[in-house]
*Asks:* 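After the structure tokens below, expect a handful of questions from me.
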There are 2 protein chains.
Amino acid sequence: MIKLKDLAERLGLSPTTVSRALNGYPEVNEKTRQRVLEVARQFDYRPNASARRLATGRAGAIGAVLPTNRNLLVDPHFVEFLAGIGERLVEDEIDIVLSPTTGDDEMASYRRMAAGTRVDAIILSSPMVDDPRVPLLLKLGFPFVIHGRTGEKAAAHAWLDIDNEGGFRHATNHLLDLGHERIGLINGELRFTYAIYREGGYREALRSRGIEADPRLMANGTMTDEFGYRATQRFLAEQPPPTAIVVGSMMLALGAFRALRSAGLELGKDVSIIAHDDVFPFLNADRMVPPMSTTRSSIRSAGTRVAEIAIDLLTGHPPARLQELWPVDLVIRGSTGPAPGR
Amino acid sequence: MIKLKDLAERLGLSPTTVSRALNGYPEVNEKTRQRVLEVARQFDYRPNASARRLATGRAGAIGAVLPTNRNLLVDPHFVEFLAGIGERLVEDEIDIVLSPTTGDDEMASYRRMAAGTRVDAIILSSPMVDDPRVPLLLKLGFPFVIHGRTGEKAAAHAWLDIDNEGGFRHATNHLLDLGHERIGLINGELRFTYAIYREGGYREALRSRGIEADPRLMANGTMTDEFGYRATQRFLAEQPPPTAIVVGSMMLALGAFRALRSAGLELGKDVSIIAHDDVFPFLNADRMVPPMSTTRSSIRSAGTRVAEIAIDLLTGHPPARLQELWPVDLVIRGSTGPAPGR
């Protein structure tokens with residue numbers, strides 16, 4: 001098969017010009033482009049990823065595993081995160097390779113990606129406290145960055161996480177300041193590190209006021225509207241029921257809100273809610289009625305920064321800070337108010 | 001690490017046969033395949049993408065463009081569709097390559113994908129009536145399948161679409177049967193074919209009862225909760241306001257529902273709503289209060305079938321039916337009732 005260099009030679013053009021012409025860049029005039037296309041067709045030239053990789057030593061792609069039967073995919077976070085990654089990669093024409101996997105063979109997917117030559121770095125999502133993917137990639141010596149953290153304190157690899165512990169402590173403290181004492185928590189599954197940090201922040205705030213966390217007011221499950229509804233219904237059946245709930249996602253909050261309405265309770269008066277918001281463009285906390293108080297951090301921006309760290313890793317320029325912990329804002333709106341009777 | 005060539009030598013087979021055996025091609029008999037697998041395991045052989053491509057002439061990946069600034073990404077549909085694609089591809093260890101693009105250089109991204117050797121087929125989403133991507137890919141002779149349809153009547157390429165026209169006609173007819181005469185439509189942007197089909201079905205149902213569609217009761221925008229809220233508020237300010245609304249997505253429906261509540265109106269009594277539901281696991285129409293009447297089609301199943309068509313195309317076994325139009329169910333629940341005064 002003819003190579004870019006040979007093609008450029010035949011045309012009397014630089015390889016860069018030929019490459020631009022083939023890729024339809026406006027810098028190359030139409031007449032030249034037509035000539036390039038014609039000769040490229042004539043010699044059946046196909047620029048290929050392998051050729052590019054051989055020339056630059058890189059695949060020009062970042063990999064992620066796409067679990068087709070895991071909780072990651074029952075929520076819309078992943079697409080916002082992907083969009084954020086894409087925003088950064090588009091600048092460098094780097095692709096995202098998603099390797100689909102069922103839960104059972106996830107490790108094999110990582111092994112295959114690391115052993116192959118299709119990607120230069122891997123992005124890990126939804127890390128668990130004891131996450132077997134991390135020692136595997138460390139052992140294989142393959143560049144990776146985690147969105148989130150494992151339980152390892154002195155991890156020597158790149159990650160970007162939001163301060164889930166601080167955010168949920170802050171939210172719980174705010175509710176305590178408003179006089180709430182029975183405060184519920186609707187959280188993710190505890191095998192994920194973020195859910196552990198969130199519960200930690202919640203417990204710590206309660207403990208600082210001498211309140212023991214009540215397991216009957218804590219629920220762990222998937223980030224669905226339905227789980228938010230069921231957990232809230234369960235909480236409301238307790239004696240005494242909570243006067244406030246800290247909720248792990250906007251989807252959960254929709255369900256929680258619905259359960260309150262069904263029970264004839266008013267949000268922000270009878271029961272206060274603070275929800276974590278990854279800032280979805282399709283669901284605006286500020287536009288709800290009443291507007292939702294939130295702990296807030298853009299998952300899209302996180303995707304962009306994670307992509308940037310991945311690029312730094314793959315180009316052999318490790319970033320100055322390998323590990324970043326982003327603060328979480330607390331935005332108070334109408335869904336929170338003083339405890340009833342205060 | 002052992003290479004394909006070495007592995008083939010040890011087995012006394014050609015590299016092509018070994019690769020085919022590893023990739024499960026039917027040309028290789030089962031006994032040979034088992035022997036190849038055994039020796040491959042023994043020497044811990046891992047096929048890499050380039051080697052596999054050289055041997056089979058295929059990349060083992062399907063491509064899609066990931067627009068980082070388009071409406072496609074402000075809604076959660078894309079991840080459900082991806083999950084559906086992944087469900088099918090995982091069987092054959094085929095990857096998804098997402099090529100990020102800003103809106104401006106989208107065509108260049110397709111050109112690059114088709115000219116390169118990183119993917120074997122392309123999946124197009126959110127087709128427009130006059131979609132320049134289709135003639136481009138036809139001209140380049142690159143295999144592709146569209147999720148949705150362009151405006152072309154006699155298109156000679158693969159697509160899978162849902163019957164948006166039939167679904168929205170059915171929904172509107174049902175509301176007409178309930179005595180509603182002022183029926184609104186909250187729809188997507190009209191540059192997308194699906195939005196045109198939906199409006200067509202709505203108009204046709206009205207026309208069949210001698211009712212002229214009222215532009216003041218029609219809104220086109222992005223599939224966000226906020227747009228649903230604003231459009232419904234606008235409709236309610238009309239004289240006379242609508243007594244029913246057909247809504248293009250569950251996200252829009254959340255906003256529409258909220259606007260009704262803000263106006264002190266009861267869903268299913270004062271105003272009926274039928275929403276289109278792509279069947280999200282994180283937002284269950286049946287669990288709403290009242291449960292939402294929907295036109296219904298699983299976007300995840302569509303992803304799985306589109307992936308299957310793509311595989312058929314890339315293996316040179318075009319499917320028996322290149323074009324599929326899936327029916328849309330109408331599921332009546334509590335959000336629809338007789339027109340007030342009936």
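Computation of the quantities below employed the complete heavy-atom set of this structure, encompassing side-chain atoms and omitting hydrogens, waters and symmetry-equivalent molecules. In the text below, chain A, chain B and the rest are named by the order of the sequence lines, each starting its count at 1.
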*Asks:* Would you indicate whether the side-chain heavy atoms of B:Ile94 and B:Ile62 approach each other to under 4.5 Å?
*Replies:* yes

*Asks:* Could you check if a side-chain atom of A:Met292 sits within less than 4.5 angstrom of a side-chain atom of A:Asp277, using non-hydrogen atoms only?
*Replies:* no

*Asks:* Any chance the side chains of A:Arg258 and A:Tyr229 put a donor and an acceptor closer than 3.5 Å?
*Replies:* no

*Asks:* Tell me, for A:Thr102 versus chain B, whether the close heavy atoms (under 4.5 Å) come from the side chain, the backbone, both or neither.
*Replies:*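 For A:Thr102, heavy atoms of backbone and side chain both lie under 4.5 Å from chain B.
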
*Asks:* Using a cut-off of under 4.5 Å on heavy-atom pairs, state which of A:Asp225, A:Leu98, A:Leu89, A:Val97 scores highest against chain B.
*Replies:* A:Leu98

*Asks:* Measure from the side-chain N and O atoms of A:Thr304 to the backbone N and O of A:Gly84, and report whether any donor-acceptor pair falls under 3.5 Å.
*Replies:*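 It does hold such a pair.
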
*Asks:* Quick one: what part of B:Phe81 sits under 4.5 Å from any heavy atom of chain A, side chain, backbone, both or neither?
*Replies:*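 Nothing of B:Phe81, per the 4.5 Å heavy-atom cut-off to chain A.
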
*Asks:* Test your reading of the model: is there a side-chain donor-acceptor pair from A:Arg118 to the backbone of A:Arg112, 3.5 Å cut-off?
*Replies:* no

*Asks:* Check each atom of A:Arg261 against the heavy atoms of chain B and say whether the ones under 4.5 Å are side chain, backbone, both or neither.
*Replies:* side chain

*Asks:* With a 4.5 angstrom heavy-atom cut-off, which part of A:Ile85 approaches chain B: side chain, backbone, both or neither?
*Replies:*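 Neither; nothing under 4.5 Å.
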
